[in-house]
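Heads up: the structure comes next, in structure tokens.
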Amino acid sequence: MVLESISRIIKMQLPAYLKKLPIPEKIGDFARLTVSEWLRLLPLLGILALLGYLTIRPFLPKKNKQRDSLINLKIQKENPRVMNEIDIEDLRTPSVCYCRCWRSKTFPVCDKSHLKHNELTGDNVGPLVLKKKTI
Ligand code: FES
């Protein structure tokens, strides 16, 4: 049933539609077409433009990945300025990583969210690593 309809459209209705189109024989004749003739040509021209676009689309340059204009997207947005103060004497482990990408869920401590951010954006941010000297 469906194939029969498609077959009828392609074999009978499409050729009849194309036959009725006012396609000029010379380029210059396009200028002489009336508005109603242009309107009759519009669906065909639209389909040809779409097919042309789909054909060349794989060869068009890819857009750059979306880059954030804001650095801090969600951390303490209620504050006009986010500042963290850490006393070096309070460091209990030999090394601590502090976030510089502003994507950490444990901010200001790095939770390695920068890895996903770098992968998505092509960025190269990483943590600030504070190390205690062992004497
Ligand atoms: Fe931000 Fe690691 S999570 S630098």
Side-chain angles (χ1 to χ4, degrees):
M1 180 83 166
V2 174
L3 275 179
E4 198 174 293
S5 300
I6 293 172
S7 173
R8 189 171 348 118
I9 288 171
I10 292 174
K11 288 180 179 173
M12 295 166 56
Q13 293 177 342
L14 187 61
Y17 165 75
L18 291 173
K19 227 179 237 178
K20 287 184 205 166
L21 285 179
I23 299 174
E25 292 183 10
K26 295 179 208 158
I27 292 283
D29 292 345
F30 274 104
R32 292 190 204 105
L33 290 176
T34 64
V35 173
S36 69
E37 289 171 331
W38 273 109
L39 289 176
R40 284 179 23 218
L41 277 177
L42 213 53
L44 176 69
L45 294 176
I47 289 170
L48 291 176
L50 178 66
L51 289 175
Y53 171 73
L54 291 175
T55 303
I56 65 165
R57 193 170 75 167
F59 306 106
L60 294 175
K62 306 250 184 297
K63 288 183 181 172
N64 287 340
K65 290 180 178 174
Q66 174 90 22
R67 295 185 185 271
D68 300 331
S69 58
L70 290 176
I71 294 169
N72 179 9
L73 300 177
K74 61 185 176 192
I75 297 168
Q76 299 177 31
K77 293 306 274 185
E78 67 280 4
N79 292 338
R81 183 172 63 104
V82 179
M83 189 184 102
N84 299 98
E85 203 173 299
I86 295 144
D87 287 330
I88 291 177
E89 292 78 22
D90 292 343
L91 295 179
R92 299 188 199 296
T93 55
S95 74
V96 183
C97 298
Y98 288 100
C99 179
R100 294 191 302 176
C101 75
W102 294 83
R103 304 297 186 273
S104 174
K105 289 164 190 72
T106 58
F107 194 86
V109 177
C110 170
D111 70 351
K112 297 190 190 306
S113 293
H114 60 270
L115 297 173
K116 185 179 175 194
H117 166 77
N118 287 346
E119 189 182 312
L120 290 174
T121 62
D123 211 344
N124 64 348
V125 293
L128 166 68
V129 182
L130 294 184
K131 288 184 177 178
K132 260 188 193 173
K133 268 192 179 168
T134 51
I135 303 171

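Atoms within each ligand, like the ligands themselves, are counted from 1 in listed order. Computed from a prediction, not measured in an experiment: that's the story for all the values here.
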task: Could you check if a side-chain atom of Leu91 sits within less than 4.5 angstrom of a side-chain atom of Ile86, using non-hydrogen atoms only?
output: yes

statement: So the protein N/O/S atoms within less than 2.8 Å of atom 1 (Fe) of ligand 1 come down to Cys99 SG, Cys101 SG

message: Other members of the hydrophobic cluster containing Leu45, with the 4.5 Å side-chain heavy-atom rule, please.
response: Leu14, Tyr17, Leu18, Leu21, Ile23, Phe30, Leu33, Trp38, Leu41, Leu44, Leu48

- request: Kindly write out the residues that satisfy side-chain hydrogen bond (donor to acceptor under 3.5 Å, both in side chains) with Asn124, not counting sequence neighbours, or none if the list is empty.
  value: none

task: State, with a plain yes or no, whether a side-chain heavy atom of Ser113 is found less than 4.5 Å away from one of Lys105.
output: yes

- prompt: Hey, are the side chains of Arg103 and Leu73 touching, using non-hydrogen atoms and a 4.5 Å cut-off?
  reply: yes

field: Met12: partners by side chain to side chain contact (heavy atoms under 4.5 Å, CB included), with sequence neighbours left out
entry: Arg8

